Amino acid sequence: MAATVRRQRPRRLACWALMTVLLADLLALSDTLAVMSVDLGSESMKVAIVKPGVPMEIVLNKESRRKTPVTVTLKENERFFGDSAASMAIKNPKATLRYFQHLLGKQENNPHVALYKARFPEHELGFDPQRQTVYFQISPQLQFSPEEVLSMLLNYSRSLAEDFAEQPIKDAVITVPAFFNQAERRAVLQAARMAGLKVLQLINDNTATALSYGVFRRKDINSTAQNIMFYDMGSGSTVCTIVTYQTVKTKDAGIQPQLQIRGVGFDRTLGGLEMELRLREHLARLFNEQRKGQRAKDVRENPRAMAKLLREANRLKTVLSANADHMAQIEGLMDDVDFKAKVTRAEFEELCADLFERVPGPVQQALQSAEMKLDEIEQVILVGGATRVPKVQEVLLKAVGKEELGKNINADEAAAMGAVYQAAALSKAFKVKPFVVRDAVIYPILVEFTREVEEETGVRSLKHNKRVLFSRMGPYPQRKVITFNRYSHDFNFHINYGDLGFLGPEDLRVFGSQNLTTVKLKGVGESFKKYPDYESKGIKAHFNLDESGVLSLDRVESVFETLVEDSPEEESTLTKLGNTISSLFGGGSTPDTKENGTDTVQEEEEGPAEGSKDEPGEQAELKEEAEAPAEDTSSPPPPEAKGAAAPEGEKAAEKDGGDKPEAQASVCRTLLSRFGF
């Protein structure tokens, strides 16, 4: 018996050792299990977390409030955030920064920069000649870019989430407006990197809201398509979205619910802030009239007084949404003089009459982009704080022609809850019920290039070509490959935005440059000299529009192919032949995406100048792309890069020939160096 015990003891010790290691790994993993989302609004933000035992919860800030003002106060040796910073706006308006997201990715000559200066003249904006952008000049020694200010706020939001979760958090999903272009999205990613956050995804706030709505109504979604319109009027902007819900058959999880963004319309400056600024101007005019004849200064010249008036205008707008009139009153507005005035809802609606006329605009844009009619919309749901204004609801109800507007969603927290659900789905630490999300491209992207062509008379001329990579309202994430098959020397091509005719003249000015980058390819001629006996299959450029809607050029390669005769006695050896030759100019990586199809866009001799969703001139076919990382010189690079790996050679193509020698394709790929993206 003793011998038997001695034989089992090592097994027990090994078992205990294994359990100890597994427990230690589990405990180490539990310290980083929590993920967070940040719903970054113009006026306030909501932070939500998911951790073991806490499925989806809104984070309370230090004042035990569920939303936190997007406000930062910067002094020489102190920084204040949220409610603490908002309280400093009266004492130190110059150092208190608000609505700075409107300056992200904007150059100095952008109309939104001039608009920001007009709205908040107390802030001194400097010009950065290197980045061609603006920064806040707090003092001669203190200056910060909008990205740096946003990174401070994101770091503060992470500290709130960590205090609430009682563990460190690095993974986050951040909401951005659907109308953000590439420059604005990259600015948010840059701010998140400076804050030390690992961004799982930048999700459009309208998509996050639609996801939250669908998750909590999963049982109501079936194979019949349901079209829902979300009208989101926040503090800074308005976005109208048409979403289609239905169940679809997925590759791995069977039949699952899906939401698809069908149409999007927006107004960048229509929101509660503009209403408050109109009220502030009205109150300032009333105060000046009360002091007329006393040789008093204009209240507009006093930044502290204007900060007090803006705060009172915010309160007044909220109260007038539920009352026909209200008394505005501020104690010691300026020069120890109190201010008191009665404001009616009718006066407020008259002040904002032109704003209310713009309410139906995003609805029409969304219907046009979705190619749908109002009769196909089953329900219109209100989102955002500014939709509580009665006149907004009245005008919107008339525009959509429905009996009533849907208010069965939390207008303030829906986007934060949808974003945190997506964070849990993207995190490896949690398993959630699948919900397929198909977002849509707002701004089309195309490739432009010029090549020489020879006409019948023997005269050579230049032909300008355009090939659409990502069409408007097309789904993403998505990878695409474009093949240049008539180049044998170094050349350049341009990556630009496509047709932006759906934007008005003012929106086009705000949009900025329509050129994303110019790519200069080097080594094309050398690759042709290296394989003179091989048949060229063209220069292939691999593009990726990732989950965050950020475009990257993964790699560019020159592909050659030849047929190799295979004798019968050497068949077992030569059938394994896969000749892949790569010349890598620096290491790199490509972001990992889950089962994204690859559209191959082939350069054609004859074809229309610019394609549409189903352009016959471009042979587009979906296929799976082999992961072959290469250096990506774009700045900043997309998040979540995986380790570098060698590209895989294509499988040999065998021909049936009986006893005849078999021929198989030998493919050579040379990765080209490029500059500009």
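All values below were derived from every heavy atom in this structure, side-chain atoms included, with hydrogens, water molecules and symmetry-related copies excluded. This is a predicted model, so every value here is computed, not measured. For reference, positions follow the sequence shown, starting with 1.
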Residues two or more places apart in sequence or in another chain: which of them pass side-chain hydrogen bond (donor to acceptor under 3.5 Å, both in side chains) with [X]?
{"X": "Arg262", "value": "Thr244"}
{"X": "Asn206", "value": "Thr241"}
{"X": "Asn155", "value": "Arg158"}
{"X": "Thr207", "value": "Asp439"}

Within the distance-only criterion (no hydrogens, no angle test), does the side chain of [X] pair as donor or acceptor with the backbone N or O of [Y] below 3.5 angstrom?
{"X": "Gln365", "Y": "Val264", "value": "no"}
{"X": "Gln260", "Y": "Arg438", "value": "no"}
{"X": "Ser37", "Y": "Ala416", "value": "yes"}
{"X": "Glu184", "Y": "Lys106", "value": "no"}
{"X": "Ser212", "Y": "Thr209", "value": "no"}
{"X": "Thr73", "Y": "Ala85", "value": "yes"}
{"X": "Arg268", "Y": "Phe179", "value": "yes"}
{"X": "Tyr116", "Y": "Tyr99", "value": "no"}
{"X": "Asn496", "Y": "Leu446", "value": "no"}
{"X": "Arg79", "Y": "Val72", "value": "no"}

Looking only at heavy atoms, what is the nearest atom pair of [X] and [Y], with distance?
{"X": "Lys75", "Y": "Asn92", "result": "CE-ND2, 3.9 Å"}
{"X": "Met194", "Y": "Ser151", "result": "CB-CB, 3.7 Å"}
{"X": "Gly549", "Y": "Gln182", "result": "O-NE2, 2.7 Å"}
{"X": "Pro303", "Y": "Pro93", "result": "CB-CG, 3.8 Å"}
{"X": "Gly234", "Y": "Ala386", "result": "O-CB, 3.5 Å"}
{"X": "Ile174", "Y": "Ala192", "result": "CD1-CB, 4.1 Å"}

Going by atom type alone, with no hydrogens or angles, which donor-acceptor pairs under 3.5 Å involve a side-chain atom of residues 120-130 and a protein atom two or more places apart or on another chain?
residue : atom : partner : partner atom : Å
His123  : ND1  : Lys94   : O            : 3.1
His123  : NE2  : Thr96   : O            : 3.1
Asp128  : OD1  : Gln130  : N            : 3.1

Any side-chain heavy atom of [X] sitting closer than 4.5 Å to one from [Y]?
{"X": "Ile381", "Y": "Met229", "value": "no"}
{"X": "Arg131", "Y": "Ser145", "value": "yes"}
{"X": "Tyr231", "Y": "Val383", "value": "no"}
{"X": "Glu281", "Y": "Leu277", "value": "no"}
{"X": "Ser552", "Y": "Asp554", "value": "yes"}
{"X": "Val35", "Y": "Ile49", "value": "no"}
{"X": "Leu154", "Y": "Val38", "value": "yes"}
{"X": "Asn204", "Y": "Arg185", "value": "yes"}

Report, as yes or no, whether the 6.0 Å neighbourhood of atom [atom1] on [X] holds more than 12 heavy atoms from other residues, nucleotides or ligands.
{"X": "Arg315", "atom1": "CZ", "answer": "yes"}
{"X": "Arg300", "atom1": "CZ", "answer": "yes"}
{"X": "Gln368", "atom1": "CD", "answer": "no"}
{"X": "Glu166", "atom1": "CD", "answer": "no"}
{"X": "Lys62", "atom1": "NZ", "answer": "no"}

For [X], enumerate each residue passing the ring-ring contact (aromatic ring centres under 6.0 Å, His included) test, keeping only those at least two apart in sequence or located in another chain.
{"X": "Phe430", "value": "none"}
{"X": "Phe144", "value": "none"}
{"X": "Tyr443", "value": "Phe511"}
{"X": "Phe164", "value": "none"}

With sequence neighbours excluded, what pairs up with Glu148 under the salt bridge (charged side-chain N to carboxylate O under 4.0 Å, His left out) test? none
Atom pairs and distances, side-chain donor-acceptor, residues 269-276, under 3.5 Å, sequence neighbours left out:
residue : atom : partner : partner atom : Å
Thr269  : OG1  : Arg358  : NH2          : 2.9
Glu274  : OE1  : Arg119  : NH2          : 2.7
Glu274  : OE2  : Arg278  : NE           : 3.2
Glu276  : OE1  : Asn314  : ND2          : 3.4
Glu276  : OE2  : Asn314  : ND2          : 2.9
Glu276  : OE2  : Lys317  : NZ           : 3.1

What distance do [X] atom [atom1] and [Y] atom [atom2] have between them, rounded to the nearest 0.5 Å?
{"X": "Ile261", "Y": "Met473", "atom1": "CD1", "atom2": "CE", "answer": "7.5 Å"}
{"X": "Ile58", "Y": "Asn410", "atom1": "CD1", "atom2": "CG", "answer": "8.0 Å"}
{"X": "Gln393", "Y": "Lys407", "atom1": "CD", "atom2": "NZ", "answer": "4.0 Å"}

Between Arg66 and Asp412, does a salt bridge (charged side-chain N to carboxylate O under 4.0 Å, His left out) hold up when you go through it step by step? CA-CA 10 Å; Arg66 297 174 71 86; Asp412 292 324; over 6 Å; no
Is a side-chain donor-acceptor pair under 3.5 Å present for Asp39 with Thr175? yes
Going through the checks in order, is the side chain to side chain contact (heavy atoms under 4.5 Å, CB included) test met by Glu147 and Thr133? CA-CA 11 Å; Glu147 291 81 6; Thr133 56; 5.6 Å; no
For Phe100 and Leu150, run side chain to side chain contact (heavy atoms under 4.5 Å, CB included): C-alpha distance rounded to whole Å, both residues' side-chain angles, the deciding distance at 0.1 Å, then the answer. CA-CA 8 Å; Phe100 48 83; Leu150 179 58; 4.1 Å; yes
Derivation and outcome, side chain to side chain contact (heavy atoms under 4.5 Å, CB included), residues Val359 and Met233: CA-CA 9 Å; Val359 168; Met233 181 182 287; 4.0 Å; yes
Kindly state each residue pair satisfying side chain to side chain donor-acceptor pair (under 3.5 Å) with at least one member in residues 416-427, sequence neighbours excluded.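 Passing the test, one end in residues 416-427: Gln201-Gln422, Arg218-Tyr421.
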Decide yes or no on side chain to side chain contact (heavy atoms under 4.5 Å, CB included) for Phe180 and Leu202, but give the supporting numbers first. CA-CA 11 Å; Phe180 263 22; Leu202 292 182; over 6 Å; no
